[in-house]
Amino acid sequence: MIRMVYPDISLKWKESNGQRLVFDPIRKKWLVLTPEEWVRQHVLQYLLVVKGYPQAYIAVEKNMQLGELKKRFDLLVYNQEHKPWLMVECKAMDIQLSEAVLHQILRYNLAIPVSYLVITNGAEAMIYHRAEGRLSVLADFPAY
């Protein structure tokens, strides 16, 4: 498990109808700042600013089909060939990173296969590399 250390970032915030909103630079819209959205936006900025992942290759909260169910992933990073490469499942900071959270992203991985899987609660992250039917734990996010 790694501790998440965020860069000095300047998220766009505003108040509207008594709610705090944050601007998502990928989706280009204002969103209610829930605890999970706080994590999603900070991890997104971490990927962009610290890891240098290109903004054009990141999708945020898109629908996917998982058997009969419609689900939404949090973050999906595509490689240079525009193929899904890394998926991030974000949880609120008060949610522990458990086997259940890992199983959730592994189910999502059935619908959208990727090489790298990340689960995070904003404070900590677990990063996995999936290859040849096995998961190995990594000490850091992969370089893009």
Anything under 30° is parallel, anything over 60° is perpendicular, the rest tilted; go ahead and classify [X] against [Y].
X: F141; Y: Y46; answer: tilted
X: Y6; Y: H42; answer: perpendicular
X: Y53; Y: W85; answer: perpendicular

Tell me if the [atom1] atom of [X] is crowded by more than 12 foreign heavy atoms within 6.0 Å.
X: K51; atom1: NZ; answer: yes
X: E132; atom1: CD; answer: no
X: E99; atom1: CD; answer: no
X: R72; atom1: CZ; answer: yes

How far does [atom1] of [X] sit from [atom2] of [Y], to the nearest 0.5 angstrom?
X: Y78; Y: I112; atom1: OH; atom2: CD1; value: 6.0 Å
X: K14; Y: L33; atom1: NZ; atom2: CG; value: 13.5 Å
X: Y57; Y: E81; atom1: OH; atom2: CD; value: 8.5 Å
X: L76; Y: L86; atom1: CG; atom2: CG; value: 8.0 Å
X: Q65; Y: K70; atom1: CD; atom2: NZ; value: 6.0 Å
X: R27; Y: I58; atom1: CZ; atom2: CD1; value: 12.5 Å

Legend entry - Side-chain donor-acceptor contact under 3.5 Å, N121 with Q96: no
Inset, instruction - Would you check if there is a donor-acceptor pair between the side chains of Q41 and Q45 at a distance under 3.5 Å? - result: no
Legend entry - Connected via hydrophobic side-chain network under 4.5 Å: V50 and V5: no
Legend entry - Path from V137 to L106 over hydrophobic side-chain contacts below 4.5 Å: yes
Inset, instruction - For the pair R20 (side chain) and W13 (backbone), establish whether a donor and an acceptor sit closer than 3.5 Å, ignoring hydrogens and angles. - result: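 Judged by distance alone, no pair lies under 3.5 Å.
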Inset, instruction - Spell out, as yes or no, whether a donor-acceptor pair under 3.5 Å connects the side chain of Q55 to the backbone of P25. - result: yes
Inset, instruction - May I ask you to test the L66-R107 pair for a side-chain heavy-atom distance under 4.5 Å? - result: yes
Inset, instruction - Assess whether side chain to side chain contact (heavy atoms under 4.5 Å, CB included) is satisfied between V43 and V118, documenting all intermediate values. - result: CA-CA 11 Å; V43 171; V118 179; over 6 Å; no
Minimum heavy-atom distance between [X] and [Y], given as atom pair plus value:
X: I2; Y: A139; value: CG2-O, 2.9 Å
X: D74; Y: C90; value: OD2-N, 2.7 Å
X: A111; Y: M64; value: CB-SD, 4.2 Å
X: S98; Y: I119; value: O-CD1, 4.3 Å
X: P113; Y: R130; value: CB-NH2, 3.7 Å
X: I105; Y: M87; value: CD1-O, 3.5 Å

Legend entry - salt_bridge(K29, E61) N-O dist < 4.0 Å: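 Judged by the 4.0 Å cut-off on N to carboxylate O distance, K29 and E61 do not form a salt bridge.
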Inset, instruction - Run the salt-bridge test on D24 and R40 with the 4.0 Å N-O cut-off and return the result as yes or no. - result: no
Inset, instruction - Linking directly or through intermediates, with side-chain heavy atoms under 4.5 Å: list the remaining ILVMFWY members grouped with F23, chain and number order. - result: L21, W30, V32
Inset, instruction - Please lay out, stage by stage, how L138 and Y116 fare under the test side chain to side chain contact (heavy atoms under 4.5 Å, CB included). - result: CA-CA 9 Å; L138 301 180; Y116 297 95; 3.6 Å; yes
Inset, instruction - For the pair F73 and K62, evaluate side chain to side chain contact (heavy atoms under 4.5 Å, CB included) and give the outcome as yes or no after the intermediate values. - result: CA-CA 6 Å; F73 60 76; K62 298 278 186 181; 3.3 Å; yes
Inset, instruction - Just do the side chain to side chain contact (heavy atoms under 4.5 Å, CB included) check on V39 and M93 with the steps written out, would you? - result: CA-CA 7 Å; V39 171; M93 285 187 128; 4.0 Å; yes
